[in-house]
Colleague: 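My questions will all concern the structure given below.
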Amino acid sequence: QEQLVESGGGLVQAGGSLRLSCAASGHTFSNYAMGWFRQAPGKEREFVSAISWSGGDITYYAASVKGRFTISRDNAKNTVYLQMNSLKREDTAVYYCAGRFLGGSYSQAYNYNVWGQGTQVTVSS
């Protein structure tokens, strides 16, 4: 079974940057689109970004992060990244890496079958 492990979260001042990583195990990594979701206290898990299969590497972003966040993948390292710039207090949340995309809308959490444990991102000021 594929496993995802996020890292790179932490505490950062508003306007700063963080780079999240999602390391995936399993030989099917390159066959699936990958996504990032986040969940703030008291709120529903929401879509952040996604990247298509390695054949195209097409990217998708929520309107709230477009222009500030960049998703990328390195299939040789079985890793997906989320570069987060110009961070705002509203970005504070636990960020989850999602894998084994099943098809349909990239923005729907139920279309992913494997999830990481989450990494906390806290933006102050």
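Model, not experiment: these values are computed from the prediction.
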Colleague: How many angstroms lie between OG in Ser86 and CZ in Phe69, if you round to the nearest 0.5 Å?
Modeller: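 Reported value, rounded in 0.5 Å steps: 9.0 Å.
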
Colleague: Side-chain heavy atoms under 4.5 Å apart, restricted to Ile/Leu/Val/Met/Phe/Trp/Tyr: what other residues fall into the cluster of Tyr110, or is it alone?
Modeller: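 Besides Tyr110, the cluster holds no residue at all.
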
Colleague: Report whether Val114 and Tyr81 are members of the same hydrophobic cluster (ILVMFWY, side-chain heavy atoms less than 4.5 Å apart, transitive linking).
Modeller: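 Not linked; separate clusters.
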
Colleague: Quick check: closest heavy atoms across Met34 and Ile71, and the distance to 0.1 Å?
Modeller: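 Met34 and Ile71 have their closest heavy atoms at O-CD1, 4.2 Å.
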
Colleague: Measure the CG-OG1 distance between Leu20 and Thr79 for me, rounded to the nearest 0.5 Å.
Modeller: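 Atom-to-atom, Leu20:CG and Thr79:OG1 are 12.5 Å apart.
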
Colleague: Leu102 versus Tyr32: any side-chain heavy-atom pair under 4.5 Å?
Modeller: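 No. Closest side-chain heavy atoms not under 4.5 Å.
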
Colleague: Determine the minimum heavy-atom distance between Leu82 and Ser49, stating which atoms define it.
Modeller: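 In terms of heavy atoms, the two residues are closest at CD1-CB, 4.1 Å.
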
Colleague: Mind listing the closest non-hydrogen atom pair of Ala93 and Gln120 along with its distance?
Modeller: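 That closest heavy-atom pairing would be O-NE2, 3.4 Å.
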
Colleague: Going by the rule side chain to side chain donor-acceptor pair (under 3.5 Å), which residues pair with Thr59 if we only count those two or more places apart in sequence or in a different chain?
Modeller: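 So Thr59 forms no side chain to side chain donor-acceptor pair (under 3.5 Å) with any residue.
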
Colleague: For the residue pair Val5 and Gln117, what are the closest heavy atoms and their distance?
Modeller: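 Closest heavy-atom pair between Val5 and Gln117: CA-OE1, 3.6 Å.
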
Colleague: Identify, with sequence neighbours excluded, every residue that meets side chain to side chain contact (heavy atoms under 4.5 Å, CB included) alongside Val12.
Modeller: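 If we apply the side chain to side chain contact (heavy atoms under 4.5 Å, CB included) test to Val12, skipping adjacent residues, the hits are Leu18, Leu87, Val123.
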
Colleague: Who are the side chain to side chain contact (heavy atoms under 4.5 Å, CB included) partners of Lys88, not counting sequence neighbours?
Modeller: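 So Lys88 forms a side chain to side chain contact (heavy atoms under 4.5 Å, CB included) with Arg68, Glu90, Asp91.
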
Colleague: Using salt bridge (Lys or Arg N to Asp or Glu O under 4.0 Å) as the criterion, list what pairs up with Arg45, not counting sequence neighbours.
Modeller: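 None.
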
Colleague: Mark yes or no for whether Arg73, through its side chain, and Ala33, through its backbone, hold a donor-acceptor pair below 3.5 Å.
Modeller: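 Judged by distance alone, no pair lies under 3.5 Å.
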
Colleague: Under the side chain to side chain contact (heavy atoms under 4.5 Å, CB included) rule, collect the residues that match up with Leu11, sequence neighbours excluded.
Modeller: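 Partners of Leu11 under the side chain to side chain contact (heavy atoms under 4.5 Å, CB included) test: Thr122, Ser124.
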
Colleague: For a quick test of reading the model, state the closest non-hydrogen atom pair linking Gly118 to Glu6 and the distance between them.
Modeller: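 Closest pair (atom of Gly118, atom of Glu6, distance): N-OE1, 2.9 Å.
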
Colleague: Working to the nearest 0.5 angstrom, can you tell me the gap between Trp36 CH2 and Tyr61 OH?
Modeller: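 So the CH2 of Trp36 and the OH of Tyr61 are separated by 12.5 Å.
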
Colleague: Mind checking what makes side chain to side chain donor-acceptor pair (under 3.5 Å) contact with Ser17, not counting sequence neighbours?
Modeller: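 Side chain to side chain donor-acceptor pair (under 3.5 Å) list for Ser17, sorted by chain: Asn85.
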
Colleague: Apply side chain to side chain donor-acceptor pair (under 3.5 Å) to Arg89 and list each qualifying residue two or more places apart in sequence or on a separate chain.
Modeller: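 With neighbours one apart ignored, the set is empty.
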
Colleague: Can you list everything that forms a side chain to side chain contact (heavy atoms under 4.5 Å, CB included) with Ser7? Sequence neighbours excluded, please.
Modeller: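 Applying side chain to side chain contact (heavy atoms under 4.5 Å, CB included) to Ser7 gives Ser21.
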
Colleague: If you group Ile, Leu, Val, Met, Phe, Trp and Tyr whenever their side-chain heavy atoms sit less than 4.5 Å apart, what else falls in with Trp115?
Modeller: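 Trp115 shares its hydrophobic cluster with Phe37, Phe47, Ile58, Tyr60, Val94, Tyr96, Phe101, Tyr106, Tyr112.
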
Colleague: Holding to salt bridge (Lys or Arg N to Asp or Glu O under 4.0 Å), I want the full list of residues that pass it with Glu46, two or more places apart in sequence or in another chain.
Modeller: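 Glu46 satisfies salt bridge (Lys or Arg N to Asp or Glu O under 4.0 Å) with Arg38 once adjacent residues are dropped.
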
Colleague: Please round to the nearest 0.5 Å and tell me the distance separating atom CG of Asn111 and atom OG of Ser105.
Modeller: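 Asn111 atom CG to Ser105 atom OG measures 6.5 Å (nearest 0.5 Å).
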
